[in-house]
Amino acid sequence: MQIQADTPQLLADAKNSILFTAVRPELVMERGDGIVLWDTAGNHYLDFIGGWAVTCLGHSHPVIREALVRQSSSLVNASPSFYNKPMIEFARLLTEISCFDRVFFASSGAEANEGAIKLARKHGAVNLGGAYEIITTVNSFHGRTLATMSATGKKQWEKLYEPKLPGFRHVPLNDMEAILAAINPNTCAIMLELVQGEGGVHAVDAEYLHALRQICDARGIMLIFDEIQTGIGRTGKLFAYEHYGVQADAMTLGKGIGGGFPLSALLVKEAFNLFEAGDQGGTYSGQPLAMAVGLAVVNEVINRQLPLNAEIQGQYMMKRLQNAALQYPITNIRGKGLLLAFDLEDRTAHEVVAACLGNGLLINAPNPSTIRLMPPLIVTEADSDQMMELLCRSLDQVDTFRK
Ligand SMILES: *Cc1c(COP(=O)(O)O)cnc(C)c1O
């Protein structure tokens, strides 16, 4: 591997040419393999961010390369106005492995959720006398388009880009009274994550979810699961709804479904096959390269039983964290499968993340008090052992943890 001498120049160019939207560390990522990333200065990092819960097969997996080479040699883009073979095969696979009957493809999670929001409004218009309100939860995350930001229940976004899209009500998660009070004749859908990811890894209660299903059935309200972060094996089952035995009317997938390639999907039950020609679309809907990659990635996840590995490795990591909690003030260890989190005292999460980066470990802080772990689904016990060692070393370095 050639080590580049020009990292400072690259960083200078980045600062002069890339629109500022985020504070990023002073490094440039260049290469990935399995659970490890390398930067242009030759440093390597154990990746427990996993491309933001995306790289389910790890970095640079050969099935992705092979799918891209194979598909790009025959058809890159036929236009969204035609069917193509990988699109049909992939849609068939997704309907076979889930409880849903039909699929609309897009490129990002937000776009899949936009499709779900439009479908909910269509359902309201067609079946509920014009009802258009969608109930979502406080601390939820549904994306960064204006509609999905309006759906998102993130306090810091309340005043951003006003006026938001009207028609969303936010209720606290797992609060039955609050959602009963919010439901009204104008309600067309309830949309929620089964484990809030960006909100800090908080799972929906089974009893609450079963009750929501009954209310939705009784009232004709559409129930939508945003499984963009929880789907494709992340929580220890192929889809998180399998933990609960509750089915939605529609579900959105993103992140892991492409293993790093931009891809998302909206899956619906036949009763919600409601769009008319022209109601919904997109230039890259069903794009052959994305379809070939998605098909290869999901098949690999299933064939290698990665949801099971997520379950087993998640439990192992949970045990290691509980052990560490005897020595370090880490609390509220929680999560399902390989979507785990714990809390830190004194809002030190960002400091801990920075210390970890310095020690060659990538972890994420969804808020100043929480650390979230979302490694590739191929993670091993040895990887977790190494992660714990680097994490504890980093905790030792952060001031408040010094004894
Ligand atoms: C990441 C995420 C989204 C948005 O996906 P993008 O691909 O960033 O548009 C939506 N919902 C959930 C639950 C997510 O985790």
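The figures here come from the full heavy-atom set of this structure, side chains too, leaving out hydrogens, waters and symmetry mates. Quick caveat: nothing in here was measured; it's all calculated off a predicted structure. Counting starts at 1 for both ligands and their atoms, following the listed order.
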Participant: Note down each nitrogen or oxygen pair, ligand 1 side and protein side, whose separation is under 3.5 Å; give only atom names and the distance to 0.1 Å.
Facilitator:
unit_1	atom_1	unit_2	atom_2	d
ligand 1	7 (O)	G109	N	2.8
ligand 1	9 (O)	G109	N	3.3
ligand 1	9 (O)	A110	N	2.7
ligand 1	11 (N)	F141	O	3.2
ligand 1	11 (N)	D226	OD1	3.4
ligand 1	11 (N)	D226	OD2	2.7
ligand 1	15 (O)	Q229	NE2	2.8
ligand 1	15 (O)	K255	NZ	2.6

Participant: Atom CE in M29, atom CG in D47: separation rounded to 0.5 Å?
Facilitator: 7.5 Å
Participant: Check for me whether the distance between the ring centres of F104 and F275 falls short of 6.0 Å.
Facilitator: no
Participant: Regarding K164 and E158, does a basic nitrogen lie under 4.0 Å from an acidic carboxylate oxygen?
Facilitator: no
Participant: Quick one: do R393 and E389 make a salt bridge, cutoff under 4.0 Å?
Facilitator: yes
Participant: Closer than 4.0 angstrom, basic N to acidic O: yes or no for E276 and K122?
Facilitator: yes
Participant: Are R92 and E89 within salt-bridge range, i.e. N to O under 4.0 Å?
Facilitator: no
